[in-house]
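To start, the structure itself, in structure tokens.
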Amino acid sequence: MRTSPTDQAQQKLVDRFGRVATDLRVSLTDRCNLRCTYCMPPEGLDWMPGDEVLTDDEVVRLIGVATGRLGVQEVRFTGGEPLVRRGLVSIVARTREVAPDAELSITTNALGLARMAGSLAEAGLDRVNVSLDSIRPETFAEITRRDRLHDVVAGLEAAAEAGLGPIKINAVLLRGVNDDQAAELLGWSVERGYELRFIEQMPLDAQHGWSRDSMVTADDTLAALSAAFDLTPAQEPRGSAPAELFYVDGGPAKVGIIASVTRPFCGDCDRVRLTADGQVRDCLFARSESDLRTPLRAGASDDDLAARWVTAMAGKRAGHGIDDLGFLQPDRPMSAIGG
Ligand code: SAM
């Protein structure tokens, strides 16, 4: 029998370095309708077999365990592309029921968001993060291998209209492709009231094409932006947020820099991930994961699932280790982990 929130034993997802995970990234599918060159090959990947993917009931049950018993306060749906998951709106609505106080958001490429933003807001979604690497149609198509910039722009507008703000945009800069467009993207975002964040490219691509020498660093990005805007460090405390924030031309508009590679923030990490096939990952770069799907399907109680989740966090490493001599890219690419 399920217990009510008041009589559930409270535990924390604490690791051996004392970090407490309160921010859960839930991947709803490994499939995507774009083919970003830095993420997956043009033909896509071998998608997870359908019977391995958690059902809507299973996803909501695990989120309920995380928010009801394990202190998770934020749930971010991601993928793959979460908008292609049939049942997304219902998953959001049911999550809102089991986690009335949690912050619910989605990371999306925004294709189809124009159609879905209203129902997602009604279902209880708080806000969206939209990925957009260029506002030039030809560069967008070069990066994503799809001519769909207009859909993203329409999706952003619909999200704003539906009250899914503050709207954040995530951008990855690639050398020789869009690294000359950082200031343009920032100007465009500021004009529309979107908060732009640049994320350093990480070694998580299915093709293993990442190279430290060619990646655009946070310093490169700051230099490019500073040539066009006056950037001053934002005063607010950063906490566990991955982005370093800067006021643009005195504010209130801000831009964020997420220097995952060159200035890692693992010491303040408060994230934990659940893959679409029910594996807990304590880090994007984890080399091992903990299976919750098998016990879930074998009839485990919420107590048992919570205990397994707590144990899963014990092995979280101090840092992602990209700079370690023996660094090995995780077996799963970003699209199958959930970015
Ligand atoms: N499809 C959704 C989207 O586009 O936002 C969610 C999943 S996608 C993997 C999440 C984010 O990861 C996107 O902003 C994408 O640009 C970013 N991403 C993918 N591969 C990356 C990499 N190797 N390094 C840094 N960011 C990456």
Side-chain angles (χ1 to χ4, degrees), residues 19 23 25 36-39 76 78 107 129-136 139-140 143 166-190 194-205 208-271 283-285 317-324 327 329-330 333-334 337 339:
R19 294 168 298 187
D23 179 346
R25 307 287 159 110
C36 299
T37 51
Y38 58 87
C39 193
R76 168 94 56 90
T78 181
T107 296
N129 275 24
V130 170
S131 303
L132 177 61
D133 301 330
S134 171
I135 46 143
R136 296 187 199 170
T139 311
F140 181 92
I143 295 173
I167 293 176
K168 295 183 181 165
I169 294 184
N170 295 337
V172 175
L173 293 177
L174 306 171
R175 196 164 299 288
V177 180
N178 63 343
D179 59 336
D180 58 338
Q181 298 175 29
E184 176 182 285
L185 190 53
L186 178 56
W188 186 90
S189 304
V190 167
Y194 308 141
E195 186 177 311
L196 177 64
R197 293 118 47 98
F198 291 96
I199 307 178
E200 283 182 340
Q201 189 191 356
M202 296 176 277
L204 286 169
D205 55 313
H208 292 243
W210 180 89
S211 113
R212 176 133 205 168
D213 299 337
S214 66
M215 65 166 277
V216 178
T217 66
D219 285 347
D220 296 335
T221 305
L222 280 170
L225 295 178
S226 299
F229 299 94
D230 179 29
L231 298 187
T232 45
Q235 294 308 314
E236 54 202 76
R238 184 172 167 192
S240 57
E244 290 171 64
L245 291 176
F246 297 85
Y247 290 121
V248 180
D249 290 340
K254 283 176 280 188
V255 62
I257 305 284
I258 304 184
S260 324
V261 177
T262 60
R263 291 198 283 276
F265 34 84
C266 305
D268 293 316
C269 180
D270 65 353
R271 272 166 288 281
C283 172
L284 268 179
F285 294 93
R317 293 178 304 167
H320 57 43
I322 295 177
D323 281 326
D324 296 353
F327 173 74
Q329 196 173 319
M334 179 72 126
I337 296 172

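In what follows, every heavy atom counts, from backbone to side chain, and hydrogens, waters and symmetry copies are set aside. A quick note: this is a predicted structure, and the numbers were derived from the prediction, not measured. For reference, positions follow the sequence shown, starting with 1.
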Q. Given the rule in the side-chain contact (heavy atoms from CB on, under 4.5 Å) test, do Y194 and W188 qualify, once you have shown the distances and angles that lead to the verdict?
A. CA-CA 9 Å; Y194 308 141; W188 186 90; 3.9 Å; yes

Q: Verify side-chain contact (heavy atoms from CB on, under 4.5 Å) between F265 and I258, making sure each step is shown before the conclusion.
A: CA-CA 9 Å; F265 34 84; I258 304 184; 3.7 Å; yes

Q: Would you check, one step at a time, whether the test side-chain contact (heavy atoms from CB on, under 4.5 Å) holds for L284 with H320?
A: CA-CA 8 Å; L284 268 179; H320 57 43; over 6 Å; no

Q: Take R212 and D323 through the test side-chain contact (heavy atoms from CB on, under 4.5 Å) and record every step on the way to the result.
A: CA-CA 10 Å; R212 176 133 205 168; D323 281 326; 2.3 Å; yes

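Sorted by first and then second residue, the pairs that involve residues 254-266 and meet side chain to side chain donor-acceptor pair (under 3.5 Å), not counting sequence neighbours, are E200-T262, D219-R263, E236-K254, E244-R263. For residues 170-179, every residue pair satisfying the salt bridge (charged side-chain N to carboxylate O under 4.0 Å, His left out) rule, not counting sequence neighbours, is listed here: R175-D179, R175-D220.
By the salt bridge (charged side-chain N to carboxylate O under 4.0 Å, His left out) test, D268 is found to be paired with no residue, residues two or more places apart in sequence or in another chain being considered.
With N170 as the fixed residue, the side-chain contact (heavy atoms from CB on, under 4.5 Å) test singles out one of L132, N129, D133: N129.
Atom CG of L231 sits about 7.5 Å away from atom CG of D249, to the nearest 0.5 Å. To the nearest 0.5 Å, the span separating OG on S134 from CG on D180 amounts to 8.5 Å. Atom CG in L204 sits 5.5 Å away from atom CD1 in I337 (nearest 0.5 Å). For the atom pair CD of Q201 and OG of S211, the computed distance is 8.5 Å after rounding to the nearest 0.5 Å.
For the pair Y247 and A234, the tightest heavy-atom approach, listed with the atom from each and the gap, is CE1-CA, 3.6 Å. Here the closest heavy-atom approach between residue A318 and residue C266 is recorded as O-CB, 3.4 Å. Of all heavy-atom pairs spanning P203 and P330, the tightest one is O-CD, 4.3 Å.
L185 is not listed as a side-chain neighbour of L173, based on a closest heavy-atom distance of 4.5 Å or more. By the 4.5 Å heavy-atom criterion applied to side chains, I322 and W210 are counted as neighbours. Looking at E195 and L245, their side chains come closer than 4.5 Å, going by heavy atoms from C-beta outward. Considering only heavy atoms from C-beta on, F246 stays 4.5 Å or farther from V248 through its side chain. Between L225 and F198 there is a side-chain heavy-atom pair separated by less than 4.5 Å. Contact annotation: the side chain of R317 approaches that of F285 to within less than 4.5 Å [non-hydrogen atoms, C-beta and beyond]. In this structure the side chain of M202 reaches within 4.5 angstrom of the side chain of V261, judged on heavy atoms.
For R19 (side chain) and R271 (main-chain N/O), no donor-acceptor pair under 3.5 Å exists by modelled atom type. In this structure, D205 contributes its side chain and T37 its backbone to no donor-acceptor pair below 3.5 Å. The backbone N or O of G339 sits less than 3.5 Å from a side-chain atom of T78, completing a donor-acceptor pair.
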